[in-house]
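Have a look at the structure below before the remarks.
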Amino acid sequence: MAYEAFAGVYDALNEDANYDALFCHVRGVLNAHGIQDGIVADLGCGTGELTLRLAGCGYDMIGVDRSSEMLSILREKAWEQQQNGILLLCQDLTALDLYGTVRAAVSTFDTLNHIGPLPQLRQAVRRAALFLEPGGIFVFDLNTPYKHRVLLADNIYEIEADDAYCIWRNQYDSAAGCTHISIEISYPDLSERDTECFDEYCYTLQEITDACADAGLHIEQVVDGEDFGALRPDSARYLFTAVKERMEERSCQD
(Lines give C-alpha, C1' and ligand atoms only; values in the text may rest on other atoms or scores of the structure.)
Protein backbone atom coordinates (compact mmCIF):
# COMPACT_ATOMS: atom_id res chain seq x y z
CA MET A 1 0.00 0.00 0.00
CA ALA A 2 1.39 3.40 -0.96
CA TYR A 3 -1.25 5.72 0.55
CA GLU A 4 -0.85 8.05 -2.42
CA ALA A 5 -4.12 9.98 -2.37
CA PHE A 6 -4.51 9.42 1.36
CA ALA A 7 -1.13 10.98 2.23
CA GLY A 8 -2.32 14.58 1.92
CA VAL A 9 -5.18 14.13 4.39
CA TYR A 10 -3.69 11.39 6.57
CA ASP A 11 -2.87 13.64 9.53
CA ALA A 12 -6.25 15.37 9.47
CA LEU A 13 -8.18 12.11 9.36
CA ASN A 14 -5.90 10.48 11.95
CA GLU A 15 -6.08 13.32 14.47
CA ASP A 16 -7.43 11.07 17.22
CA ALA A 17 -4.23 9.01 17.24
CA ASN A 18 -2.35 9.49 20.52
CA TYR A 19 1.19 9.93 19.23
CA ASP A 20 2.32 11.50 22.51
CA ALA A 21 1.40 8.37 24.48
CA LEU A 22 3.02 6.14 21.86
CA PHE A 23 6.18 8.26 21.90
CA CYS A 24 6.37 8.11 25.71
CA HIS A 25 6.02 4.32 25.66
CA VAL A 26 8.58 3.82 22.89
CA ARG A 27 11.07 6.18 24.50
CA GLY A 28 10.60 4.38 27.82
CA VAL A 29 11.39 1.05 26.14
CA LEU A 30 14.48 2.52 24.47
CA ASN A 31 15.70 4.02 27.73
CA ALA A 32 15.09 0.76 29.58
CA HIS A 33 17.48 -0.93 27.15
CA GLY A 34 20.13 1.77 27.52
CA ILE A 35 19.38 3.27 24.10
CA GLN A 36 19.32 6.99 24.86
CA ASP A 37 21.01 8.14 21.65
CA GLY A 38 22.33 6.78 18.37
CA ILE A 39 20.59 5.72 15.16
CA VAL A 40 16.96 4.59 15.23
CA ALA A 41 14.96 3.61 12.13
CA ASP A 42 11.23 4.27 11.85
CA LEU A 43 9.98 1.62 9.41
CA GLY A 44 6.78 2.73 7.73
CA CYS A 45 7.22 6.22 9.13
CA GLY A 46 4.31 7.75 7.19
CA THR A 47 4.08 11.49 7.74
CA GLY A 48 6.59 11.25 10.56
CA GLU A 49 4.79 12.11 13.78
CA LEU A 50 6.75 9.51 15.78
CA THR A 51 9.92 10.07 13.75
CA LEU A 52 9.96 13.77 14.58
CA ARG A 53 9.29 13.22 18.28
CA LEU A 54 12.18 10.78 18.51
CA ALA A 55 14.45 13.12 16.56
CA GLY A 56 13.47 15.91 18.92
CA CYS A 57 14.83 14.03 21.92
CA GLY A 58 18.20 13.35 20.36
CA TYR A 59 18.03 10.19 18.26
CA ASP A 60 19.58 10.15 14.79
CA MET A 61 16.51 9.14 12.83
CA ILE A 62 16.04 7.24 9.58
CA GLY A 63 12.51 7.40 8.19
CA VAL A 64 11.58 4.61 5.77
CA ASP A 65 8.35 4.42 3.80
CA ARG A 66 7.32 3.07 0.41
CA SER A 67 5.15 6.16 -0.20
CA SER A 68 7.07 9.08 -1.66
CA GLU A 69 4.02 11.25 -0.92
CA MET A 70 4.20 10.43 2.79
CA LEU A 71 7.93 11.12 2.84
CA SER A 72 7.39 14.46 1.11
CA ILE A 73 5.04 15.53 3.90
CA LEU A 74 7.54 14.37 6.52
CA ARG A 75 10.27 16.35 4.77
CA GLU A 76 8.16 19.52 4.95
CA LYS A 77 7.41 18.95 8.64
CA ALA A 78 11.09 18.33 9.39
CA TRP A 79 12.03 21.58 7.64
CA GLU A 80 9.41 23.51 9.61
CA GLN A 81 10.67 22.03 12.89
CA GLN A 82 14.32 22.51 11.90
CA GLN A 83 14.90 18.76 12.11
CA ASN A 84 17.03 18.62 8.99
CA GLY A 85 19.20 15.66 9.94
CA ILE A 86 16.60 12.94 9.32
CA LEU A 87 17.54 10.50 6.55
CA LEU A 88 14.50 9.60 4.45
CA LEU A 89 14.46 6.39 2.39
CA CYS A 90 11.71 5.38 -0.03
CA GLN A 91 11.83 1.58 0.24
CA ASP A 92 9.69 -1.51 0.48
CA LEU A 93 10.32 -3.08 3.90
CA THR A 94 10.73 -6.53 2.37
CA ALA A 95 13.79 -5.16 0.56
CA LEU A 96 15.01 -2.85 3.34
CA ASP A 97 18.57 -1.55 3.06
CA LEU A 98 19.74 0.86 5.76
CA TYR A 99 23.39 0.85 4.56
CA GLY A 100 24.58 0.11 8.10
CA THR A 101 23.37 -0.98 11.51
CA VAL A 102 21.02 0.84 13.88
CA ARG A 103 20.59 0.62 17.65
CA ALA A 104 16.83 0.22 17.37
CA ALA A 105 13.95 0.11 14.91
CA VAL A 106 10.30 0.97 15.38
CA SER A 107 7.29 0.19 13.21
CA THR A 108 3.89 1.39 14.37
CA PHE A 109 0.27 2.00 13.38
CA ASP A 110 -0.08 -1.45 11.78
CA THR A 111 2.51 -0.87 9.06
CA LEU A 112 3.43 -4.55 9.10
CA ASN A 113 -0.17 -5.66 8.56
CA HIS A 114 0.10 -4.11 5.10
CA ILE A 115 3.20 -6.10 4.13
CA GLY A 116 1.31 -9.06 2.70
CA PRO A 117 0.80 -12.77 3.40
CA LEU A 118 2.89 -14.42 6.12
CA PRO A 119 6.01 -15.13 3.98
CA GLN A 120 6.28 -11.41 3.22
CA LEU A 121 5.92 -10.50 6.89
CA ARG A 122 8.69 -12.96 7.72
CA GLN A 123 10.89 -11.37 5.07
CA ALA A 124 10.25 -7.85 6.41
CA VAL A 125 11.10 -8.96 9.96
CA ARG A 126 14.30 -10.62 8.72
CA ARG A 127 15.35 -7.44 6.92
CA ALA A 128 14.67 -5.31 9.99
CA ALA A 129 16.66 -7.69 12.19
CA LEU A 130 19.55 -7.76 9.73
CA PHE A 131 20.30 -4.08 10.31
CA LEU A 132 19.97 -4.16 14.10
CA GLU A 133 23.09 -4.19 16.21
CA PRO A 134 23.42 -7.30 18.40
CA GLY A 135 21.37 -6.55 21.49
CA GLY A 136 19.41 -3.92 19.58
CA ILE A 137 15.63 -3.77 19.84
CA PHE A 138 12.71 -3.77 17.46
CA VAL A 139 9.50 -2.20 18.77
CA PHE A 140 6.58 -2.89 16.46
CA ASP A 141 2.83 -3.23 16.48
CA LEU A 142 0.26 -5.24 14.54
CA ASN A 143 -3.51 -5.23 14.46
CA THR A 144 -4.82 -8.36 16.15
CA PRO A 145 -6.97 -11.10 14.59
CA TYR A 146 -9.77 -9.88 16.91
CA LYS A 147 -9.68 -6.45 15.31
CA HIS A 148 -9.91 -7.98 11.84
CA ARG A 149 -12.76 -10.33 12.72
CA VAL A 150 -14.82 -7.97 14.90
CA LEU A 151 -13.86 -4.31 14.55
CA LEU A 152 -12.94 -4.16 10.87
CA ALA A 153 -15.05 -7.15 9.79
CA ASP A 154 -17.47 -5.93 7.10
CA ASN A 155 -17.99 -2.56 8.72
CA ILE A 156 -18.08 0.86 7.11
CA TYR A 157 -16.59 3.85 8.90
CA GLU A 158 -16.95 7.54 8.16
CA ILE A 159 -14.08 9.87 9.08
CA GLU A 160 -14.54 13.61 8.82
CA ALA A 161 -11.98 16.42 8.99
CA ASP A 162 -12.09 20.11 8.13
CA ASP A 163 -10.81 19.64 4.59
CA ALA A 164 -11.72 16.03 3.79
CA TYR A 165 -14.36 13.37 4.28
CA CYS A 166 -13.47 9.69 4.11
CA ILE A 167 -15.62 6.57 3.75
CA TRP A 168 -13.66 3.50 4.87
CA ARG A 169 -15.13 0.14 3.79
CA ASN A 170 -13.89 -3.22 5.09
CA GLN A 171 -14.46 -6.74 3.82
CA TYR A 172 -13.01 -9.47 6.01
CA ASP A 173 -11.75 -12.50 4.07
CA SER A 174 -11.20 -15.34 6.56
CA ALA A 175 -9.89 -17.72 3.89
CA ALA A 176 -7.15 -15.30 2.84
CA GLY A 177 -6.52 -14.13 6.40
CA CYS A 178 -6.92 -10.48 5.48
CA THR A 179 -9.30 -7.55 5.29
CA HIS A 180 -9.90 -5.92 1.91
CA ILE A 181 -10.17 -2.17 2.40
CA SER A 182 -11.37 0.58 0.09
CA ILE A 183 -11.16 4.27 0.90
CA GLU A 184 -13.09 7.03 -0.82
CA ILE A 185 -12.02 10.60 -0.06
CA SER A 186 -14.03 13.68 -0.97
CA TYR A 187 -13.19 17.32 -0.38
CA PRO A 188 -15.77 19.96 0.68
CA ASP A 189 -14.39 22.65 -1.61
CA LEU A 190 -13.68 20.42 -4.61
CA SER A 191 -15.74 18.24 -6.90
CA GLU A 192 -13.04 15.56 -7.24
CA ARG A 193 -12.82 12.30 -5.32
CA ASP A 194 -9.92 9.97 -4.64
CA THR A 195 -10.08 6.23 -4.05
CA GLU A 196 -7.57 3.69 -2.82
CA CYS A 197 -7.81 -0.05 -2.25
CA PHE A 198 -5.46 -2.27 -0.25
CA ASP A 199 -5.35 -5.31 2.01
CA GLU A 200 -4.42 -5.68 5.67
CA TYR A 201 -3.29 -9.16 6.72
CA CYS A 202 -3.64 -10.63 10.19
CA TYR A 203 -1.27 -13.00 11.94
CA THR A 204 -1.49 -15.05 15.13
CA LEU A 205 0.79 -14.50 18.09
CA GLN A 206 2.49 -17.80 17.30
CA GLU A 207 3.12 -16.80 13.68
CA ILE A 208 4.64 -13.51 14.81
CA THR A 209 6.75 -15.24 17.46
CA ASP A 210 8.03 -17.74 14.89
CA ALA A 211 8.83 -14.95 12.40
CA CYS A 212 10.89 -13.17 15.05
CA ALA A 213 12.70 -16.35 16.11
CA ASP A 214 13.58 -17.08 12.49
CA ALA A 215 15.13 -13.60 12.26
CA GLY A 216 17.15 -13.98 15.46
CA LEU A 217 14.80 -11.82 17.53
CA HIS A 218 13.60 -12.75 21.01
CA ILE A 219 10.20 -11.31 21.96
CA GLU A 220 10.74 -9.81 25.38
CA GLN A 221 7.30 -8.29 25.89
CA VAL A 222 3.88 -8.02 24.27
CA VAL A 223 1.40 -5.40 25.51
CA ASP A 224 -1.83 -3.84 24.33
CA GLY A 225 -0.85 -1.45 21.58
CA GLU A 226 -3.35 1.23 22.55
CA ASP A 227 -3.21 1.52 26.34
CA PHE A 228 0.18 -0.25 26.77
CA GLY A 229 -1.22 -2.46 29.52
CA ALA A 230 -1.71 -6.22 29.61
CA LEU A 231 -3.14 -7.94 26.55
CA ARG A 232 -6.86 -8.70 26.67
CA PRO A 233 -8.99 -10.99 24.49
CA ASP A 234 -10.42 -7.84 22.88
CA SER A 235 -7.12 -6.01 22.39
CA ALA A 236 -7.15 -4.41 18.95
CA ARG A 237 -3.41 -4.03 18.60
CA TYR A 238 -0.33 -5.92 19.76
CA LEU A 239 2.83 -3.98 20.66
CA PHE A 240 5.99 -6.07 20.71
CA THR A 241 9.45 -5.45 22.10
CA ALA A 242 11.90 -7.83 20.45
CA VAL A 243 15.64 -8.03 21.14
CA LYS A 244 18.23 -9.15 18.59
CA GLU A 245 20.14 -12.09 19.95
CA ARG A 246 23.89 -11.86 20.26
CA MET A 247 25.96 -14.47 18.42
CA GLU A 248 26.89 -16.28 21.64
CA GLU A 249 23.19 -16.56 22.54
CA ARG A 250 22.35 -18.11 19.17
CA SER A 251 25.31 -20.51 19.47
CA CYS A 252 24.09 -21.73 22.87
CA GLN A 253 20.62 -22.35 21.45
CA ASP A 254 22.03 -24.23 18.47
Side-chain angles (χ1 to χ4, degrees), residues 1-19 21-22 43-50 65-74 90 92-94 107-121 124 140-205 207-208 224-227 231-239:
M1 181 195 65
Y3 267 171
E4 293 178 359
F6 202 39
V9 297
Y10 181 83
D11 287 339
L13 295 174
N14 202 37
E15 61 183 2
D16 291 337
N18 195 341
Y19 285 103
L22 176 63
L43 309 181
C45 60
T47 61
E49 288 296 315
L50 181 59
D65 205 283
R66 65 179 294 182
S67 168
S68 59
E69 289 80 5
M70 289 285 197
L71 292 175
S72 178
I73 293 169
L74 171 50
C90 189
D92 187 317
L93 296 186
T94 61
S107 184
T108 56
F109 282 95
D110 51 87
T111 291
L112 293 176
N113 290 101
H114 295 282
I115 291 295
L118 184 59
Q120 290 173 247
L121 173 72
F140 64 96
D141 71 18
L142 285 156
N143 284 335
T144 63
Y146 172 85
K147 182 173 182 177
H148 281 265
R149 291 194 313 268
V150 178
L151 302 182
L152 296 178
D154 294 320
N155 293 317
I156 299 174
Y157 295 100
E158 299 180 8
I159 311 171
E160 189 170 1
D162 290 340
D163 55 357
Y165 174 76
C166 173
I167 300 177
W168 184 294
R169 294 181 174 89
N170 304 297
Q171 182 183 3
Y172 179 58
D173 185 342
S174 59
C178 72
T179 300
H180 307 297
I181 299 171
S182 65
I183 299 174
E184 181 179 304
I185 307 166
S186 57
Y187 310 90
D189 300 328
L190 300 172
S191 59
E192 65 186 66
R193 292 175 180 265
D194 289 314
T195 59
E196 290 198 34
C197 297
F198 52 88
D199 295 332
E200 271 205 26
Y201 288 80
C202 60
Y203 319 97
T204 66
L205 270 175
E207 288 171 333
I208 300 163
D224 185 287
E226 296 184 344
D227 63 20
L231 278 180
R232 305 181 308 274
D234 63 348
S235 289
R237 182 175 282 134
Y238 299 126
L239 182 64

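FYI, side chains are in, hydrogens and waters are out, and symmetry mates aren't considered; it's all heavy atoms of this structure. Residues: numbered from 1 along the sequence shown. Every value quoted in this text rests on a predicted model; they were computed, and no experiment measured them.
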Taking Gly46's backbone N and O only, do any of them form a donor-acceptor pair with Asp65's side chain (distance below 3.5 Å, no angle check)?
yes
Would you confirm whether Thr94, through its side chain, and Gln120, through its main-chain N or O, come within 3.5 Å as a donor-acceptor pair?
no
Could you state the interatomic distance from CD1 (Ile115) to CG (Leu43), rounded to the nearest 0.5 Å?
9.0 Å
Could you check if a side-chain atom of Asp227 sits within less than 4.5 angstrom of a side-chain atom of Arg232, using non-hydrogen atoms only?
yes
Taking every non-hydrogen atom, the tightest pair across Ala236 and Glu226
CB-OE2, 3.9 Å
Could you measure the distance from the CG atom of Leu50 to the OH atom of Tyr19? Nearest 0.5 Å is fine.
8.5 Å
Any side-chain donor near an acceptor of the partner, Asp224 and Ser235, under 3.5 Å:
yes
Which heavy-atom pair separates Gly48 from Leu74 by the least distance, and what is that distance?
CA-CD1, 3.5 Å
Describe, in one word, how the ring planes of Tyr172 and His148 are oriented to each other, choosing from parallel (under 30°), tilted (30 to 60°) and perpendicular (over 60°).
tilted
Hey, does the side chain of Asp194 reach the backbone of Ile185 with a donor-acceptor pair shorter than 3.5 angstrom?
no
Main-chain N/O of Ile73 paired to Thr47 side chain as donor or acceptor, under 3.5 Å:
no
Would you compute the distance between atom CG of Asn170 and atom CG of Leu151 and round it to the nearest 0.5 angstrom?
10.0 Å
So, taking the atom named OH in Tyr201 and the one named CG in Leu112, what distance separates them when rounded to the nearest 0.5 Å?
14.5 Å
So how far is it from Cys202 SG to Tyr238 OH, rounded to the nearest 0.5 Å?
9.0 Å
Is there a donor-acceptor pair under 3.5 Å between the side chain of Asp141 and the backbone N or O of Asp110?
yes
Taking all non-hydrogen atoms of both residues, which atom of Cys197 and which atom of Ser182 are closest, and how far apart?
SG-CB, 3.8 Å
Worked check of side-chain hydrogen bond (donor to acceptor under 3.5 Å, both in side chains) between Glu192 and Tyr187:
CA-CA 7 Å; Glu192 65 186 66; Tyr187 310 90; 5.3 Å; no
State, yes or no, whether a side-chain contact exists between Glu184 and Ser186 at a heavy-atom distance under 4.5 Å.
no
Residue Arg193 excluded, over 12 heavy atoms near CZ under 6.0 Å:
no
Working to the nearest 0.5 angstrom, can you tell me the gap between Thr179 OG1 and Asn113 CG?
9.0 Å
